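Take a look at the structure set out below.
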Amino acid sequence: MTLNRRAVLTATLVAGLFNPMWAGAAQPLVMGFSQVGAESEWRTANTASIKDAAKKDGITLKFADAQQKQENQVKALRSFIAQKVDVIAFSPVVESGWDTVLREARAAKIPVILTDRAVSVSDPSLYVTFIGSDFVEEGRKAGRWLLDFAKKAPNAELNIVELQGTVGSAPAIDRKKGFEEIIASNPKLKLSRSQSGDFTRAKGKEVMEAFLKAKDKKIDVLYAHNDDMAIGAIQAIEEAGLKPGKDIIIISIDGVKGAFEAMVAGKLNVTVECNPLLGPQLMQLARDVVAGKPVARRITTTEGVFPAEVAAKELPNRRY
Ligand code: GZL
């Protein structure tokens with residue numbers, strides 16, 4: 001064997017000895033993440049938080065955007081199972097229809113973490129834990145703000161219209177439930193119309209236009225399940241020649257920058273915070289789950305309520 005060939009062979013062997021595979025270095029954890037879509041400012045911030053955290057944490061992230069379609073999420077979860085990822089995390093676009101694919105993940109011994117939205121399954125052991133907000137409490141916070149607002153004119157009946165989130169989604173179901181639970185204590189508060197705007201600005205504007213065209217009763221209050229629909233509705237209200245935030249009081253949820261800007265402009269009255277920055281907690285949770293450490297079944301984020309009066313001061317502090 002020539003000197004040259006021996007040198008090459010030796011170099012290869014030495015390099016091989018330092019291959020992390022052989023050095024016993026831990027392989028990066030691989031997470032499959034199925035995201036609802038890119039329907040709102042909140043979702044954009046949520047996705048950024050997850051991607052940034054995975055990068056910082058050295059976790060290999062396989063990310064799939066479902067464009068708000070459940071069938072795309074089921075396909076993504078099946079693909080993650082086929083790729084034998086270490087852990088699956090996802091934000092389920094709707095609550096039902098997950099039992100079969102979650103059973104497939106369990107059969108493949110891949111743990112599943114729910115983030116942001118919950119599922120309704122026959123066997124809760126099909127997922128390890130949930131990290132996200134308490135949507136019922138968010139609805140209650142919106143209702144409590146309105147109860148307080150109504151005290152300014154105790155004898156006035158207030159006609160409320162509601163822009164619901166995606167039909168069948170946990171936030172839409174629970175935000176409605178919490179809001180109605182609270183306003184039930186004041187018979188002057190009447191919810192006259194309620195329709196889904198699918199959490200988007202475009203649909204929120206379209207449905208608000210229809211509410212305004214109905215002209216059956218003067219609308220006093222709009223309750224929107226997220227800021228993006230509220231911002232779309234603000235456009236419809238202005239195009240109808242009315243003053244949003246004054247002629248129609250607007251209550252929404254998320255606390256995105258666009259909501260703070262609308263409040264500073266006097267067009268939105270309050271936003272209930274729903275924290276999308278779950279990335280760092282999710283990555284730590286994934287490591288703990290894969291390591292077999294015990295984790296809480298439900299981890300909820302702490303969130304505030306931001307009325308228009310504090311918007312200008314708070315806006316510079318907003319991280320999403
Ligand atoms: C809530 C999240 C909702 C946001 C919307 O945690 O699921 O979905 O409120 C988003 O903005 O579309």
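If you're wondering where the values come from, they're calculated on a predicted model, not measured in any experiment.
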Minimum heavy-atom distance [X]-[Y], with the two atoms named:
X      : Y      : answer
Ile88  : Ala105 : CD1-CB, 4.4 Å
Val290 : Val87  : CG2-CB, 3.9 Å
Asp86  : Pro111 : O-CD, 3.3 Å
Val121 : Tyr127 : CG2-CE2, 4.1 Å
Leu282 : Ala89  : CD1-CB, 4.1 Å
Asn72  : Ala66  : ND2-O, 3.0 Å

Q | Criterion side-chain contact (heavy atoms from CB on, under 4.5 Å) on Leu212 and Ile237, from CA distance to verdict | A | CA-CA 8 Å; Leu212 289 161; Ile237 293 166; 4.3 Å; yes
Heavy-atom side-chain contact between [X] and [Y] under 4.5 Å:
X      : Y      : answer
Arg193 : Ile160 : no
Lys205 : Ile231 : no
Arg298 : Thr300 : yes
Glu309 : Pro307 : yes
Met31  : Val85  : no
Ile253 : Tyr223 : yes
Thr200 : Met229 : no

Are [X] and [Y] connected, step by step, through hydrophobic side chains (Ile, Leu, Val, Met, Phe, Trp, Tyr) whose heavy atoms are closer than 4.5 Å?
X      : Y      : result
Leu114 : Val74  : yes
Val112 : Ile81  : yes
Leu242 : Val161 : yes
Leu222 : Ile249 : no
Leu285 : Ile110 : no

Are side-chain N/O atoms of [X] and [Y] paired as donor and acceptor at under 3.5 Å?
X      : Y      : answer
Arg201 : Ser40  : no
His225 : Glu138 : no
Ser169 : Glu95  : no
Ser196 : Asp198 : no
Gln35  : Thr47  : yes

Q: Answer yes or no: is there a donor N or O on one side and an acceptor on the other, between the side chain of Gln73 and the main chain of Ser91, under 3.5 Å?
A: yes
Result block: side-chain N/O donor-acceptor pairs under 3.5 angstrom for residues 262-276, not counting sequence neighbours:
unit_1	atom_1	unit_2	atom_2	d
Lys267	NZ	Glu238	OE2	2.9
Asn269	OD1	Ile250	N	2.7
Asn269	ND2	Gly245	O	3.0
Thr271	OG1	Asp227	OD1	2.9
Thr271	OG1	Asp227	OD2	3.3
Thr271	OG1	Gly255	N	3.0
Glu273	OE1	Gly304	N	2.8
Glu273	OE2	Arg318	NH1	3.4
Glu273	OE2	Arg318	NH2	3.2
Asn275	OD1	Leu277	N	2.7

How many angstroms lie between atom [atom1] of [X] and atom [atom2] of [Y], to the nearest 0.5 angstrom?
X      : Y      : atom1 : atom2 : result
Leu163 : Arg175 : CG    : CZ    : 13.0 Å
Ile183 : Lys188 : CD1   : NZ    : 14.5 Å
Lys141 : Phe179 : NZ    : CZ    : 15.5 Å
Ser96  : Gln70  : OG    : CD    : 6.0 Å
Asn159 : Ile248 : CG    : CD1   : 9.5 Å
Trp98  : Leu126 : CH2   : CG    : 13.0 Å

Q.
Pair Tyr320, Val256 - check side-chain contact (heavy atoms from CB on, under 4.5 Å), show working.
A. CA-CA 6 Å; Tyr320 64 93; Val256 297; 3.9 Å; yes
Between the side chains of [Y] and [X], is the shortest nitrogen-to-carboxylate-oxygen separation below 4.0 Å, so that they form an ion pair?
X      : Y      : result
Arg43  : Asp228 : no
Glu41  : Lys257 : no
Glu137 : Lys177 : no

Q: Walk me through it: do Asp220 and Lys218 pass the test salt bridge (charged side-chain N to carboxylate O under 4.0 Å, His left out)?
A: CA-CA 6 Å; Asp220 301 301; Lys218 177 181 166 302; 2.5 Å; yes
Q.
For Lys84, I'd like to know if atom NZ has over 12 heavy atoms of other residues, nucleotides or ligands within 6.0 Å.
A. no
Q) So with a 6.0 Å cut-off around CZ of Arg297, is the heavy-atom count from everything else above 12? A) yes
Q: Run the ring-centre check on Phe33 versus Phe90 and record whether the distance is less than 6.0 Å.
A: no
Between side-chain atoms of residues 50-64 and protein atoms elsewhere (two or more places apart, or another chain), which donor-acceptor pairs fall under 3.5 Å?
unit_1	atom_1	unit_2	atom_2	d
Asp57	OD1	Arg287	NE	2.6
Asp57	OD1	Arg287	NH2	2.9
Lys62	NZ	Gln83	OE1	3.1

Q) Has Arg117 got its NZ or CZ under 6.0 Å from the middle of the six-membered ring of Phe135, at an angle within 45 degrees of the ring axis? A) no
Q: Evaluate the side-chain contact (heavy atoms from CB on, under 4.5 Å) criterion for residues Ser122 and Arg103: first the C-alpha distance (whole Å), next the side-chain angles of each, then the deciding distance (0.1 Å), finally the verdict.
A: CA-CA 11 Å; Ser122 54; Arg103 283 207 178 87; 3.2 Å; yes
Q.
For Arg106 and Asp123: C-alpha separation, side-chain torsions, deciding distance, then whether salt bridge (charged side-chain N to carboxylate O under 4.0 Å, His left out) applies.
A. CA-CA 11 Å; Arg106 179 162 62 183; Asp123 175 357; 3.1 Å; yes
Q: Apply salt bridge (charged side-chain N to carboxylate O under 4.0 Å, His left out) to Lys176 and Glu180, showing your working.
A: CA-CA 6 Å; Lys176 182 172 187 56; Glu180 289 179 349; 2.9 Å; yes
Q: Evaluate the side-chain contact (heavy atoms from CB on, under 4.5 Å) criterion for residues Val36 and Asp65: first the C-alpha distance (whole Å), next the side-chain angles of each, then the deciding distance (0.1 Å), finally the verdict.
A: CA-CA 6 Å; Val36 165; Asp65 174 333; over 6 Å; no
